[in-house]
Amino acid sequence: MAQFEYACGECDYLTGWKRESEAIELLGAHYRAEHPGCVLGGTGRARYASSSVEPESSGGGGLGCAAWVGIVILLVLVAAMCEQG
């Protein structure tokens, strides 16, 4: 089961590791009490089992965009060579 931690975008407040709905509610209550009139913001993190994964990271692995572009160009060149023959 994943746990979530949210940080306020206006100050140093952290919700601590909670269920997602509980962490969001804590952040909302903090904004209402400490930053009335501000739009709810900040950042969040998810923790699965014993690791910590930042939502902004892609996690790496797999082919990058440049590799896919290279494969497409190669396929277009092969198709063009086949047409000429």
Side-chain angles (χ1 to χ4, degrees):
M1 179 176 205
Q3 291 185 315
F4 296 83
E5 179 182 60
Y6 288 93
C8 177
E10 309 297 325
C11 67
D12 295 336
Y13 175 78
L14 292 173
T15 62
W17 294 103
K18 310 284 183 196
R19 290 187 327 265
E20 185 175 21
S21 59
E22 185 179 0
I24 291 172
E25 180 55 40
L26 285 171
L27 186 63
H30 167 75
Y31 262 81
R32 288 188 295 277
E34 301 296 325
H35 312 292
C38 287
V39 176
L40 185 65
T43 59
R45 299 188 301 168
R47 179 170 65 184
Y48 300 93
S50 63
S51 68
S52 178
V53 178
E54 299 290 334
E56 295 82 21
S57 75
S58 65
L63 291 175
C65 183
W68 284 111
V69 170
I71 290 170
V72 169
I73 290 172
L74 182 62
L75 290 173
V76 168
L77 288 174
V78 168
M81 289 173 42
C82 290
E83 263 187 33
Q84 290 177 356

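Because only heavy atoms are used, hydrogens play no part in the values below, and waters and symmetry mates are left out as well, while side chains stay in.
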(message) Between T15 (side chain only) and Y6 (backbone N and O only), is there a donor and an acceptor less than 3.5 Å apart?
(response) yes
Just verifying a value: how many Å separate [X] [atom1] and [Y] [atom2], rounded to the nearest 0.5 Å?
| X | Y | atom1 | atom2 | answer |
| --- | --- | --- | --- | --- |
| L14 | T43 | CG | OG1 | 8.0 Å |
| E34 | C11 | CD | SG | 7.0 Å |
| L74 | L77 | CG | CG | 6.5 Å |

(message) Would you say that W17 contacts R45 through its side chain, given a criterion of any heavy-atom pair below 4.5 Å between the two side chains?
(response) yes
(message) According to a hydrophobic-cluster definition based on side-chain heavy atoms being under 4.5 Å apart (Ile, Leu, Val, Met, Phe, Trp, Tyr only), do Y13 and I24 belong together?
(response) yes
(request) Establish whether M81 and I73 are linked, either directly or via other cluster members, by ILVMFWY side-chain heavy-atom contacts under 4.5 Å. (result)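 In one cluster: no.
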(message) For a quick test of reading the model, state the closest non-hydrogen atom pair linking P36 to A33 and the distance between them.
(response)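 That would be CD-O, 4.1 Å.
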(message) For R19, give me all partners under side-chain hydrogen bond (donor to acceptor under 3.5 Å, both in side chains), at least two apart in sequence or on another chain.
(response) none
(request) Hey, can you tell me if F4 and Y48 have their rings parallel, tilted or perpendicular (30° and 60° cut-offs)? (result)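 F4 and Y48: perpendicular rings.
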